[in-house]
Every structure is written in structure tokens, then in C-alpha cells.
A.B. asks: 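Have a look at the structure that comes next, please.
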Amino acid sequence: MSIFKERTIELIRQALPDELQAELDLNRLVEVPPDPTLGDFAFPAFSLAKILRKAPAQIAQDIAAEIEKPVWLERVAVVGGYVNFFIEKGQRAHDVLTTIAAQKESYGSTVQDTPKTVVIDFSSPNIAKPVGVALIRTTILGHSLARIFSFRGYQVERVNHLGDWGTQCGKWIVGYRMWGDEEQLRLSPIKELFRLYVRFHKEAEVDPALEDAAREAFARLEQGDPEIYALWERFRSLSIEEFKTIYARMGITFDSYNGEAFYEDKMAAVVSMLTEKGLLQTSEGAKIVNLDDENLPPCLIQKSDGATLYATRDLAAAIYRWHTYQPTFVLYVVGAPQQLHFQQVFAVLRKAGMQWVDRYEHIPFGTIRFGDQAMSTRRGNVVFLEDVLNEASARALAIIEARNPNLAQKEQVAEQIGIGAVLFRFLVYSRMKDISFDFASALSFEGDTGPYVQYTYARAGSVLRKAAQVECNSTQLDYAGLNSAEEMTLIKELERFPDVVEAAEAAREPAGIAHYLLELCRAFNGFYHEHRVVGSNLEAERLELLRATRTVIANGLFLLGLEAPEEM
RNA sequence: GCGUCUGUAGCUCAGUGGAUAGAGCAACUGCCUUCUAAGCAGUGGGCCGCAGGUUCGAUCCCUGCCAGGCGCACCA
């Protein structure tokens with residue numbers, strides 16, 4: 001928790017009647033007043049009125065009278081039913097800035113005595129389909145969540161549950177044999193496989209026999225036909241290689257690429273386990289688990305032709321992950337349309353007596369639209385992640401050429417900014433919101449954007465470089481001097497970063513960190529505009545403020561998966 | 001029909017059981033001989049979808065309704 005909120009809560013607790021000290025959730029009750037002139041923290045006494053049978057204003061008076069003022073507290077004021085706390089400014093500046101200076105890249109992080117494991121299943125592309133914008137959201141969200149949980153002291157296992165099995169594999173095998181372009185496959189495997197996928201569906205509309213051919217090809221793959229298997233394996237590894245290069249541009253790595261093919265030989269065990277527990281029923285020729293008592297539609301386990309299904313694979317994966325990782329949490333970062341699917345899978349496991357499924361969570365997110373149409377892979381109506389990144393990077397480079405043509409390593413910085421803009425754009429919305437994708441807003445570098453945050457970081461760094469060339473006029477730090485409105489606003493923002501990280505973990509929601517960074521940067525830029533650093537009589541203290549701001553921006557950007565360029 | 005998510009400024013979105021509801025974009029106006037103007041400051045702009053209820057207090061919690069998205073058996 002942030003430094004002074006914690007101290008204020010402790011102070012209030014001691015001032016309360018004994019019987020209330022334990023039961024009140026002060027962390028929830030204590031708030032920051034809407035106007036800083038009212039105080040730094042406030043305790044509303046209204047909720048105690050009924051319990052104590054006294055007027056809120058009287059209770060507030062009583063609490064204020066009980067408080068023994070520590071050195072860090074400037075004063076306490078009672079306004080109506082509120083007890084308002086004013087923190088001593090110099091003390092606050094000192095404690096916040098020295099804490100950040102000491103903790104640096106670990107400021108805001110948590111150490112766990114015995115590290116708990118969290119498995120995060122994200123990105124998980126279907127390798128026969130392209131990395132469209134829909135896939136961007138799970139990839140970016142999952143990556144950020146992985147960093148947040150890691151920062152919060154968890155051992156994180158990043159799992160890419162590849163869609164590398166199923167009848168669509170038969171489609172690319174058939175497609176490749178009929179229209180495949182070997183050259184293109186080497187150059188750009190994902191786009192070539194995508195082209196085959198789209199063409200397959202187009203041709204299959206007039207020639208339904210293609211569907212049969214695909215089914216047959218997949219059946220032969222399952223039987224281990226060496227020629228077909230070699231083809232599949234080649235497509236798979238080419239696709240993974242290309243994914244890895246895109247992931248690398250975004251700083252993403254995985255601990256496992258075990259996907260659907262990996263679980264293929266673990267399906268029979270799931271079916272027999274469900275049979276043994278008497279959960280499997282036959283309905284219309286298919287094997288199902290009835291979930292009436294959970295108020296859910298039945299979960300389909302096996303098709304009438306004997307083939308297993310999506311749910312079966314997820315059951316196998318869930319069981320495997322439990323035994324492999326003994327996780328505290330398993331997070332599935334998968335779109336909101338699949339909420340029912342996960343409810344069903346989790347319900348089946350619960351019925352099978354696997355109580356550990358309570359640790360499993362679906363982390364849903366809203367749909368991405370392009371214009372007013374939903375993405376449709378089959379129609380080829382997609383935007384490639386790679387093209388978005390390339391475009392973003394190119395636009396960033398153009399801006400650098402126009403504004404800062406002498407910048408060193410322009411291409412690298414442009415990549416950081418362009419990709420930063422895309423990542424930030426996708427993280428700044430609450431994950432449940434549907435978002436409408438358009439290049440104009442995704443590639444905007446002004447206002448509430450990643451580049452704005454990166455720019456603020458670079459700008460502060462520029463002042464530090466400038467200061468290094470100037471004689472420092474003060475060695476004795478006097479934090480009490482940092483008492484202007486702009487400085488206090490900035491210090492308060494810096495102070496609350498640990499709370500923001502904690503909330504982001506609890507809600508599985510990186511958007512809070514993105515919004516926090518925007519506010520932090522606004523606070524910094526307000527300060528920057530109003531106060532001179534280099535050559536001022538508070539130079540040393542303000543440099544500390546700059547360093548702390550840069551530390552927190554860097555930590556926050558890291559949690560979102562963005563780079564923090566030194567210069568831009 | 002059932003379930004679920006969303007509904008806040010012209011647009012895109014924050015926000016919280018509490019004291020006057022906030023940003024960005026767009027529009028208009030200022031600010032670069034001074035540490036990066038990818039910036040800062042200002043102006044205008046709101047039945048917080050509608051109606052009840054709980055509460056000292058609701059934009060926030062509950063119920064109903066309206067609008068939109070998504071899902072609901074052999075795809076994943």
C-alpha cells in the first residue's frame with residue numbers, strides 16, 4: 001500500500017473505539033478528497049452514526065480529538081462528517097522520493113515468501129489462420145497480465161495454446177497441394193497459409209467436394225500418414241517461427257507452445273475418466289455431460305462420429321496444467337464470446353470432483369471491430385498484426401525525421417514508439433469494452449497515447465542530461481522546498497503507484513495502469529511547464545523528483561509491455 | 001426466448017456508496033531567444049440509457065424496462 005495512506009489508516013484505527021478497530025475496513029473507507037485543499041486523505045464518519053448512535057459530525061470531532069499528531073502529519077480538520085488529514089509536505093516529499101530512489105525498478109512490486117505459480121494462457125493463435133487484430137488483444141493483454149503477476153511476486157508460466165490441430169489442418173494440406181506457392185511459403189508462411197485458407201473457403205462454396213478432401217486429409221494426418229504428417233509439421237514450425245519474430249518485436253516470450261496437437265493423445269483419458277465417474281451420457285448419438293443442475297447447456301465431449309471436441313481438449317489441458325504446475329491461478333485470456341464454453345468446462349471439472357478448478361478463471365475481453373464489421377477470417381476480412389506494427393513504426397519514423405532528424409538509432413526508437421502506440425491503444429480500454437479498430441486512432445501519437453507517456457519519460461531524461469553538464473549548486477537536500485501545487489500533485493501520483501499495481505492484479509485489468517500513467521505524465525508535464533529545474537535553487541531536489549518520475553514511468557510502461565526510450 | 005456484456009460531453013473513453021462527475025479527440029484562444037511544443041494553459045460542451053427500490057447519501061448496489069454486442073449441440 002502507498003506510504004501515507006497506510007500511516008493514516010493506522011492513525012485512524014488507534015483513534016477509534018476498541019470494538020470498532022478490528023471490524024472496520026479502513027482501507028476501503030479512507031479516501032482522497034476531491035479537492036486537495038480539503039486535505040490529503042479523508043475518513044467519512046457517516047457509516048458509524050448508526051453503530052455509535054451519534055451524529056456523524058460529532059463522531060468526526062471525537063476521532064479528531066483522539067488523534068495524537070505524529071511529525072509527518074501537518075494537521076487534522078473536521079468538515080461536516082469528514083475527518084480530513086493534511087500530510088506534512090516536506091516529510092511526504094522526502095519519504096516518497098527516498099523510497100523510490102532506494103527501490104528503483106522494484107518500486108511497486110511485491111515479494112512473496114513462497115512464490116505462487118500462475119499459468120496464463122494467452123495469444124494462442126490458430127496456426128492455419130492469420131494473426132488478425134482479434135488476436136492482438138489476447139496477446140497484448142496476456143503479456144501485460146504476465147508482467148503484472150510477475151511484478152507481484154508470482155512465478156508466471158506463459159502458455160501459448162496453439163490451435164495446431166483439427167479439420168482446418170486438412171484444409172491447408174488440400175489447399176497447399178492445389179494452389180500452394182513454395183516461394184511465398186518460405187517468405188511469409190502465415191500470409192501464404194492464410195491465402196490458402198481463404199481460397200479454400202471460396203472454392204469450397206462452389207465445390208463442396210473440397211470439404212470432404214480436407215476431412216480425409218485430416219483423417220490421414222491423425223493416422224500418421226508420413227507424407228501428410230511431414231507437411232503438417234513443416235507448416236506448424238514455419239508458423240511458430242514467424243509468430244516468434246512478431247512476438248519478439250513486442251518483447252513477448254512463452255514458456256510453452258503446447259497446443260491442441262499436444263493434447264491429442266490425452267483425450268481418451270478424459271473420456272474414460274468422465275465415463276468412470278458416470279458423468280457421460282449419450283444424446284442424439286453424441287457423448288455429453290449434462291449440466292442442468294448448473295443451469296448450463298450440456299457440454300459436448302464427443303461427436304457422434306467419435307471425434308473429440310474443443311471442450312474435450314480444454315478439459316485435457318486443464319487437468320494437465322493442474323498436475324504439471326500446481327498453480328494458484330490459471331488465467332485464460334480468451335475473448336468474451338467464449339464465456340459459456342469456459343463455464344461449461346469448469347462445471348464439468350467441478351462435477352468430476354476436481355475442486356482445484358476454482359482457481360481457474362476465464363479472463364474475457366470485448367470484440368474488436370474493423371469499421372462496422374466484425375472480423376471474419378474466412379472472408380479474408382482481417383488486419384494483420386504485422387502490418388499494423390510496420391505501419392506504426394513507419395509513421396513514428398516519419399515524425400522523428402520531421403522533428404528530431406539528428407536522433408541516434410532512429411529506426412530502433414521508431415520501433416519502440418510505434419509498437420508502444422499500438423500496445424497502449426489496446427490496453428487503455430477496459431478489457432470488456434468492444435473496440436472499433438481504425439488506423440487513425442491506433443496510430444495516433446498525441447493525447448492519451450503510449451508515445452505521450454514515452455515522450456514524458458524522454459523529456460525528463462533530457463533535463464537530467466542537461467543538469468549533468470551544469471555545476472550543482474546544492475548538496476544538502478531540502479525536500480520541504482518541493483511544496484508547490486504542481487510538485488505536490490506529482491509526488492502524490494508517484495506515491496500511489498503501488499496501489500495501482502495491486503488493483504490491476506486484483507481486477508486482472510492492465511487498463512488501470514495505462515490510465516494512471518497518463519495522469520502521472522500530466523502531473524509531470526504540468527510541473528515541467530511551471531518550474532525550472534536546471535539552475536534553480538531547488539535543482540538537486542527537483543532532479544530527485546525527475547528521477548523518481550522516470551522510475552515510476554519506466555516501471556509502469558514495463559508492466560504494459562512498452563519500452564521507455566531515452567530520447568525521441 | 002434464455003444467458004451474458006456494454007450504455008457517462010459531438011466522438012473515443014475514465015471514474016467512485018460520499019463533499020462541485022473527469023480526460024483525450026474534434027472546435028475556438030493563448031504559450032517555443034528559456035531543461036524536447038509528441039507539450040502546457042484556457043473557453044465551450046453532461047436528464048451519468050429510462051423507471052422504481054435500498055441508503056443519512058446512488059452515476060456506482062438491487063429489481064424491472066429500453067437500446068446495442070456476443071453466446072446458446074456435434075466449429076474452435
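The model shown is predicted, which means the values in this text are computed figures rather than measured ones. Here is how names work: the chains are called A, B, and so on, in the same order as the sequence lines, proteins then strands, and each is numbered from 1.
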A.B. asks: Which residue is it: A/Y332, A/F346, A/Y310? I am looking for the one with a ring-ring contact (aromatic ring centres under 6.0 Å, His included) to A/H341.
C.D. replies: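 Single pass found, and it is A/Y310.
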A.B. asks: Take A/E544 and A/R547 through the test salt bridge (Lys or Arg N to Asp or Glu O under 4.0 Å) and record every step on the way to the result.
C.D. replies: CA-CA 5 Å; A/E544 278 307 302; A/R547 289 192 190 96; 2.6 Å; yes
A.B. asks: Is any NZ, NE, NH1 or NH2 atom of the basic residue among A/D212 and A/R215 found under 4.0 Å from an Asp or Glu carboxylate oxygen of the other?
C.D. replies: yes
A.B. asks: Hey, which of A/F122, A/F426, A/F424, A/F365 is the one that makes side chain to side chain contact (heavy atoms under 4.5 Å, CB included) with A/I140?
C.D. replies: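 Between A/I140 and the candidates, side chain to side chain contact (heavy atoms under 4.5 Å, CB included) is satisfied uniquely by A/F426.
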A.B. asks: Using nucleotides 9-13 of chain B, report all nitrogen or oxygen pairs with the protein that are shorter than 3.5 Å.
C.D. replies:
residue: B/rU12; atom: O2'; partner: A/Y429; partner atom: OH; Å: 3.2
residue: B/rC13; atom: OP1; partner: A/D434; partner atom: O; Å: 3.4

A.B. asks: Let me have RNA chain B in dot-bracket notation, would you? Count Watson-Crick plus G-U wobble pairs, both distances under 3.5 Å, and use [ ] for pairs crossing earlier ones and | for inter-strand partners.
C.D. replies: (((((((..((((....[...)))).(((((.......))))).....(((((..]....))))))))))))....
A.B. asks: Is any side-chain N of the basic residue among A/R550 and A/E566 closer than 4.0 Å to the acidic one's carboxylate O?
C.D. replies: yes
A.B. asks: Which is true for A/A458 with a 4.0 Å heavy-atom rule: it touches a base, it touches only sugar-phosphate, or it touches nothing?
C.D. replies: base
A.B. asks: Are OP1 or OP2 of B/rA38 and a side-chain N or O of A/R403 less than 4.0 angstrom apart?
C.D. replies: yes
A.B. asks: How many whole angstroms separate atom CD of A/E530 from atom C1' of B/rC31?
C.D. replies: 12 Å
A.B. asks: Would A/R313 and A/E264 satisfy salt bridge (Lys or Arg N to Asp or Glu O under 4.0 Å), going step by step from the backbone distance to the final call?
C.D. replies: CA-CA 8 Å; A/R313 274 187 273 277; A/E264 206 40 38; 3.6 Å; yes
A.B. asks: Mind calculating the distance between CD (A/E486) and P (B/rC40) to the nearest angstrom?
C.D. replies: 13 Å
A.B. asks: Just to be sure I understand the rule, does A/D438 reach a base, reach only the sugar-phosphate, or reach nothing, if contact means heavy atoms closer than 4.0 Å?
C.D. replies: nothing
A.B. asks: Between B/rC40 and A/Y455, is there an OP1 or OP2 to side-chain N/O distance shorter than 4.0 Å?
C.D. replies: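 Checking B/rC40 against A/Y455, no side-chain N or O comes under 4.0 Å of OP1 or OP2.
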A.B. asks: Nearest nucleotide by nearest heavy atom, which residue falls closer to the 5' end of RNA chain B, A/H341 or A/N525?
C.D. replies: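 Between the two, 5'-proximity favours A/N525.
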A.B. asks: What contact category does A/P364 fall into here, base, sugar-phosphate, or nothing, at under 4.0 angstrom with non-hydrogen atoms?
C.D. replies: nothing
A.B. asks: At 4.0 Å (heavy atoms only), tell me whether A/I400 reaches a base, stays on the sugar-phosphate, or touches nothing.
C.D. replies: base
A.B. asks: Looking at A/Y263 versus A/H161, is the centre-to-centre ring distance below 6.0 Å?
C.D. replies: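 Centroid distance A/Y263-A/H161: below 6.0 Å, so yes.
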A.B. asks: Would you say the rings of A/W165 and A/F218 are close, in the sense that their centroids are separated by under 6.0 Å?
C.D. replies: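 They qualify: ring centres under 6.0 Å apart.
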A.B. asks: Nearest whole angstrom, please: distance from the P of B/rU36 to the CD of A/E567.
C.D. replies: 9 Å
